[in-house]
Amino acid sequence: MADDRVATVASDLPARLAEVRARIDRAGADPDRTTLVAVTKGFGPEVVRAALDAGLHDIGESYVQELEAKAAALDEAADGADAVPPRWHFIGRLQRNKVRKAAPYVACWHSVDRLSLGAEIARWAPGASVFAQVNTTGESQKGGCPPAQLPALLGGLRDLGLDVRGLMTIGPAGSQNGSRNAFRSLRTMAENHHLRELSMGMTDDLELAIEEGATVVRIGSGLFGPRPGRNGMRH
Ligand SMILES: *Cc1c(COP(=O)(O)O)cnc(C)c1O
């Protein structure tokens with residue numbers, strides 16, 4: 001990414017962060033008790049650095065290659081200094097064969113939607129913190145386990161010794177009603193399984209997610225502006 005773009009993203013960040021925190025507050029949650037995962041996918045390590053400098057330590061990534069590259073770049077830049085490293089959250093669709101590469105970095109896995117994936121995580125990161133991702137919208141292009149299979153998935157993940165923190169979902173694009181329904185059904189499922197954490201809400205549906213009980217929100221463009229293209233496309 002061009003240096004001037006990085007500089008703009010970094011200089012805009014404090015105001016954008018204040019606005020995101022105000023949105024959380026206005027929607028009825030305490031911003032200090034809501035985990036804000038700063039989604040840096042599509043941006044370079046300099047933007048992760050800017051996030052850390054702004055006090056954002058929970059960093060979300062969707063692609064294993066990007067995660068590895070950024071973690072390595074930050075490590076190198078820190079060069080043994082006492083910089084606090086990011087707490088990496090993996091939020092994207094994940095293939096089993098990528099788990100091993102991501103495992104050294106990831107503190108929390110948000111997109112665990114099948115037992116075979118959980119087994120691979122348990123193998124390379126025993127006892128890891130995970131969220132079970134539920135497909136609450138029935139959209140086939142989205143990840144997530146069908147609600148009917150959630151009980152079996154949760155039981156299996158626990159049997160693997162994973163620390164199941166809660167449930168995660170992605171609301172439907174462009175439908176406020178749809179998002180509210182998706183988030184509400186996720187909350188009901190979490191209550192039924194005595195799970196406290198709800199990872200839901202992105203830039204466009206943050207308020208709805210908070211109103212429906214999100215404890216973790218995953219915000220990208222609201223903090224950093226539009227993403228530079230991956231293969232020339234927004235994602
Ligand atoms: C990209 C992404 C986000 C952040 O999206 P924004 O709309 O930029 O806030 C959150 N969650 C997941 C799973 C994502 O892939």
Side-chain angles (χ1 to χ4, degrees), residues 1 5 8-9 12-13 15-24 27 29 31 34-44 47-48 50-51 54 56 58-67 70 86-95 98 102 106-114 117 121 129-137 139-145 165-176 178-180 182-183 186 197-210 212 214-231 233-235:
M1 196 169 40
R5 177 77 210 285
T8 307
V9 170
D12 286 350
L13 180 55
R16 289 181 183 275
L17 172 57
E19 174 59 19
V20 167
R21 290 175 59 86
R23 286 176 64 188
I24 293 171
T34 305
T35 301
L36 175 54
V37 174
V39 178
T40 47
K41 71 178 176 207
F43 291 100
V47 167
V48 180
L56 292 162
D58 290 282
I59 305 291
E61 289 288 339
S62 294
Y63 305 97
V64 174
Q65 267 187 328
E66 275 193 37
L67 166 62
K70 286 175 221 183
R87 245 179 76 78
W88 297 106
H89 295 250
F90 197 86
I91 62 172
R93 283 193 104 157
L94 185 54
Q95 291 167 290
K98 300 272 176 68
V106 174
C108 184
W109 309 76
H110 288 242
S111 50
V112 184
D113 60 359
R114 56 203 190 279
L117 180 58
I121 293 172
S129 296
V130 301
F131 282 77
Q133 182 178 352
V134 182
N135 187 326
T136 46
T137 64
E139 296 164 286
S140 58
Q141 75 277 18
K142 281 205 178 120
C145 114
R165 307 305 297 260
L167 303 182
M168 178 274 214
T169 200
I170 301 174
S175 161
Q176 298 279 301
S179 287
R180 188 177 294 286
F183 298 154
L186 195 74
E197 302 270 344
L198 288 168
S199 167
M200 58 190 197
M202 314 186 354
T203 298
D204 287 342
D205 52 19
L206 169 62
E207 285 83 358
L208 291 168
I210 293 290
E212 297 301 331
T215 61
V216 181
V217 292
R218 310 175 308 265
I219 307 296
S221 49
L223 291 169
F224 307 114
R227 277 179 279 283
R230 187 179 197 247
N231 309 324
M233 292 175 59
R234 276 211 65 196
H235 62 284

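Counting starts at 1 for both ligands and their atoms, following the listed order. What you see is a predicted model, and the numbers here were worked out from it, not measured in a lab. Residue numbers run from 1 in the order of the sequence given.
Those atoms of ligand 1 with a heavy atom of Ile219 less than 4.0 angstrom away are 9 (O). Close contacts between ligand 1 and Arg218 involve ligand atoms 4 (C), 9 (O), 10 (C), 11 (N), 12 (C), 13 (C) [criterion: under 4.0 Å to a heavy atom].
Ring geometry, Trp109 versus Phe90: the interplanar angle falls from 30° to 60°, so the pair is classed tilted.
Scanning for side-chain hydrogen bond (donor to acceptor under 3.5 Å, both in side chains) contacts around Glu139 gives Thr137, Lys142, with sequence neighbours left out. With sequence neighbours excluded, the residues satisfying side-chain hydrogen bond (donor to acceptor under 3.5 Å, both in side chains) with Gln95 are Lys98.
Using a 4.0 angstrom heavy-atom cutoff, Ser62 counts as in contact with ligand 1. Ligand 1 has no atom lying under 4.0 Å from any heavy atom of Asp204.
Considering both main-chain and side-chain atoms, Gly220 comes within under 3.5 Å of ligand 1 through a nitrogen or oxygen pair.
Residue contacts with ligand 1, taken as heavy atom pairs separated by less than 4.0 Å, involve Ser221 via backbone and side-chain atoms alike. Contacts of Ile170 with ligand 1, taken as heavy-atom pairs under 4.0 Å, involve the side chain alone. When heavy-atom distances to ligand 1 are checked against a 4.0 Å cut-off, Arg227 comes that close only through its side chain, counted from C-beta outward.
Closest approach of Gly42 and Glu66 over heavy atoms only: N-OE1, 2.9 Å.
Proximity of Arg5 to Phe43: side-chain heavy atoms (C-beta onward) are separated by under 4.5 Å at one or more points. Between Val9 and Leu13, every side-chain heavy-atom pair lies at or beyond the 4.5 Å cut-off.
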